[in-house]
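Just so it is clear, the values below take in all heavy atoms, side chains as well, and ignore hydrogens, waters and symmetry mates. Letters go in sequence order (proteins before strands), and every chain restarts at 1.
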There are 2 protein chains.
Amino acid sequence: MNQKIFVSAKEVADRAGVSRSAVSRTFTPGASVSEETRRRVMEAAEALGYHVNHLARGLMRNESGLVCLIVSEMDTPYRASLIRAISRQLQNVSKIAMLINTDRSDKSVDDALRLAISYRADASIILSGMPDKSISDLCVKSGQRLVLINRDEEREGALMINLHDREAARRAFIAFQRAGCRRLAFANSDVGTPSLMAREEGFVSAAQAAGFEVAVERFGSTRYQSGVVLAQRLLTREVRPDAIFCANDLLACGVMDTARHQFRLEIPNDLCVVGFDDIEQASWSSYELTTFAQPVDRIAEEAVSWLAKPLYDAGLSCKLSAELNWRGSVRGG
Amino acid sequence: MNQKIFVSAKEVADRAGVSRSAVSRTFTPGASVSEETRRRVMEAAEALGYHVNHLARGLMRNESGLVCLIVSEMDTPYRASLIRAISRQLQNVSKIAMLINTDRSDKSVDDALRLAISYRADASIILSGMPDKSISDLCVKSGQRLVLINRDEEREGALMINLHDREAARRAFIAFQRAGCRRLAFANSDVGTPSLMAREEGFVSAAQAAGFEVAVERFGSTRYQSGVVLAQRLLTREVRPDAIFCANDLLACGVMDTARHQFRLEIPNDLCVVGFDDIEQASWSSYELTTFAQPVDRIAEEAVSWLAKPLYDAGLSCKLSAELNWRGSVRGG
DNA sequence: GAAAACATTGCACACGCTTGCAATGGCGTG
DNA sequence: CACGCCATTGCAAGCGTGTGCAATGTTTTC
């Protein structure tokens with residue numbers, strides 16, 4: 001398309017009066033170059049504005065330095081902070097994040113993965129959706145790393161990072177119990193992601209084990225507006241809940257706002273709420289939401305450090321726990 | 001590092017019984033291939049899991065398809081939604097976003113731009129900070145496109161997308177005036193980004209032109225916590241403001257929460273608030289924030305479509321206006 | 001002082017792709 | 001049948017690197 005004219009190693013070599021190899025070696029850590037040549041090369045490079053062509057280098061080294069981040073709804077607070085954490089970690093190890101937007105369809109995840117292959121990405125990190133087995137197998141077979149975050153379903157050779165969702169959900173129940181809540185509810189989206197379902201099941205089963213019923217409602221996406229609808233449904237039930245565990249914080253915000261402004265309930269007096277993710281808004285004084293913190297930095301660290309390690313025989317599974325952040329949305333913290 | 005073994009065009013060619021060129025042409029739109037060969041090539045490619053190597057293609061075509069997004073604090077709602085909009089638009093034209101995190105330092109922006117050059121990115125889009133002139137000149141001279149969003153300072157050959165900040169600020173003043181507010185204030189961060197300063201100056205000068213003084217306070221970043229501090233400072237002044245225009249929505253959220261919960265003020269009765277950006281939280285019922293909407297989709301469209309156009313002689317300047325979204329935080333909408 | 005070890009350097013090939021060029025063969029026209 | 005046109009195809013050069021190998025010059029060792 002538009003002519004690009006970048007300066008190449010040859011030009012630098014000519015100007016510095018050395019061979020092209022010398023230039024290449026100057027920019028290759030650990031290669032053998034005399035102090036004198038290096039100086040002259042650097043000088044010429046500086047003057048000409050030379051930068052090693054990472055495309056060509058990637059071609060030779062068979063290592064592009066690119067890592068593909070596959071994610072939907074990336075403007076959501078939790079996703080955004082995870083993306084940030086990961087891309088930072090990647091930069092620390094001199095890799096760089098390629099961002100691919102998907103919609104919820106698994107087809108679009110497949111396409112994203114194909115793109116990752118085309119760019120010979122060193123790895124792909126999947127935050128949303130689930131690729132077809134055939135295509136993810138191709139990735140692994142080709143030597144591309146695969147990381148699945150909160151994706152539960154298994155993929156051979158991939159690193160799976162998950163949280164102890166059920167365990168957290170059980171603790172949510174305990175929190176409600178200590179607060180003296182008796183009419184429990186769970187607010188979920190209806191997208192049915194494994195981790196969301198695990199939270200639901202964990203909560204319900206913990207409650208049932210203690211002899212409590214749970215009013216479960218599922219609707220829409222995991223965004224604020226769905227929380228509004230969920231609150232309307234739950235709070236107009238014959239037995240009005242006095243405790244709602246929300247599948248994530250955005251839902252919780254919608255639930256809290258609706259409970260307060262539409263149903264005139266006081267939190268935590270009339271209603272206790274617990275969320276999941278610990279997005280920034282959870283700490284805002286309008287919410288003071290008690291919630292489980294996703295260890296985003298830890299997740300990012302775990303993912304990126306695995307990329308540097310030599311590949312073990314098979315895929316790894318990494319289970320992290322979510323810490324409960326006590327705030328004002330539950331009585332008696 | 002780890003051996004990657006991707007299948008190459010040669011292997012596909014061998015299997016299909018054609019030349020390497022035929023394979024290449026099959027995957028090059030508009031190239032001359034017979035229906036029969038194309039079929040055979042596609043069949044072989046499918047069977048082997050072949051994907052064109054974009055690194056090599058980029059090397060030949062001198063067009064990588066990569067576009068570098070340079071941004072700090074990308075977990076912030078406005079930034080996140082802008083990144084999403086841009087990366088989507090890019091995908092529409094078969095380009096792909098590389099994400100680079102910077103801190104506030106201009107040095108880190110320089111490094112990011114160097115990286116963009118190394119990867120022979122087709123373009124760089126800068127959302128935060130400002131690169132050194134020498135390095136941005138190198139980009140332009142090398143034929144790499146440069147887009148500056150809300151960056152005011154000029155760079156030759158770059159596309160600059162800005163909002164009519166002063167104009168918007170003037171309208172904020174008018175809104176307050178119509179609401180009968182008399183003690184005006186402006187809450188700003190102290191990072192001093194041109195667009196933020198333009199909002200401040202526009203507001204102050206519009207007010208002064210009508211005979212009003214404005215209490216200006218600057219502190220910290222553009223995040224919620226700074227809004228908290230700003231509210232504390234402004235609302236403890238001898239003349240307590242009855243209207244605060246905030247440089248962005250996050251500040252506004254902090255201001256509103258603090259006004260309500262710490263100072264027991266009612267919004268909009270005791271205090272009117274206007275923000276900027278129209279992040280999702282602005283529409284949440286805890287805030288109902290009247291705010292200027294950044295036309296993120298429009299910005300993304302403008303930026304990406306410019307990348308497709310042939311390069312005109314010089315840099316372009318694109319000024320968009322921010323629409324005022326009336327909600328409940330100002331009396332008498 | 002001779003031999004051996006070592007550091008440095010250039011050559012040339014490889015990486016996987018695109019594309020200009022020429023060769024091939026099929027086809028319609030006169 | 002001769003001719004020219006056209007679609008298709010393969011050859012080979014080139015994109016900007018990294019790196020093994022051999023050659024060169026320098027230092028160390030005995």
- Nearest-nucleotide comparison on DNA chain C, the residue closer to the 5′ end among A:R20 and A:T37: A:T37
- Spell out, as yes or no, whether a donor-acceptor pair under 3.5 Å connects the side chain of A:R84 to the backbone of A:L82. no
- Specify the separation, in whole Å, of atom CE of B:M60 and atom C1' of C:dT18. 4 Å
- Item | Interatomic distance, A:L55 CG vs C:dT18 P [rounded to whole Å] | 13 Å
- A:R61 CZ to C:dG16 C1', in whole Å, measures 17 Å
- What does A:S24 touch in the nucleic acid at a heavy-atom separation under 4.0 angstrom: a base, only the sugar-phosphate, or nothing? base
- Starting at atom NZ of B:K10, determine the distance to atom P of C:dG16, rounded to an integer number of angstrom. 11 Å
- Task: Measure from the side-chain N and O atoms of B:Q294 to the backbone N and O of B:Y78, and report whether any donor-acceptor pair falls under 3.5 Å.
- Result: no
- Query: With a non-hydrogen cut-off below 4.0 angstrom, is B:V23 in contact with a base, only sugar-phosphate, or nothing?
  - Reply: nothing
- Item | Any donor-acceptor N/O pair, A:D122 side chain to A:G65 backbone, under 3.5 Å | yes
- Report yes if at least one side-chain N or O of B:S32 is closer than 4.0 Å to OP1 or OP2 of D:dA7; otherwise report no. no
- When A:T28 and B:E36 are each assigned the nearest nucleotide of DNA chain D, the 5'-most assignment goes to B:E36
- Measure from the side-chain heavy atoms of A:L59 and tell me the nearest of D:dT8, C:dT18, D:dG16. D:dG16
- Item | B:S34, nearest nucleotide to its side chain (from D:dT19, D:dT8, D:dT17) | D:dT8
- Message: Regarding C:dG20, can its base be found pairing with the side chain of B:R25 as donor and acceptor, where the two atoms are less than 3.5 Å apart?
- Response: yes
- Task: Determine, for A:D14 against A:K10, whether the closest basic-nitrogen to carboxylate-oxygen distance falls under 4.0 angstrom.
- Result: yes
- Mind checking B:Y50 for me? I need base, sugar-phosphate or nothing, with any heavy atom below 4.0 Å counting as a touch. sugar-phosphate
- Using only heavy-atom distances, decide whether a donor-acceptor pair under 3.5 angstrom links the side-chain of B:S21 to the base of D:dC11. yes
- Query: On DNA chain D, nearest-nucleotide positions of A:R57 versus B:E35: which is more 5'?
  - Reply: B:E35
- Note on the structure: In whole angstroms, the gap separating P of D:dT17 from CZ of A:F6 amounts to 11 Å
- Query: Is any NZ, NE, NH1 or NH2 atom of the basic residue among B:D137 and B:K133 found under 4.0 Å from an Asp or Glu carboxylate oxygen of the other?
  - Reply: yes
- D:dG16 P sits how many Å from A:I5 CD1, rounded? 12 Å
- Query: Atom CD of A:E63 and atom P of D:dT17: how far apart are they, to the nearest Å?
  - Reply: 17 Å
- Task: Nearest whole angstrom, please: distance from the C1' of C:dC17 to the CG of B:N53.
- Result: 7 Å
- Message: Please confirm whether the shortest side-chain N or O distance from B:S19 to OP1 or OP2 of D:dG10 is below 4.0 Å.
- Response: yes
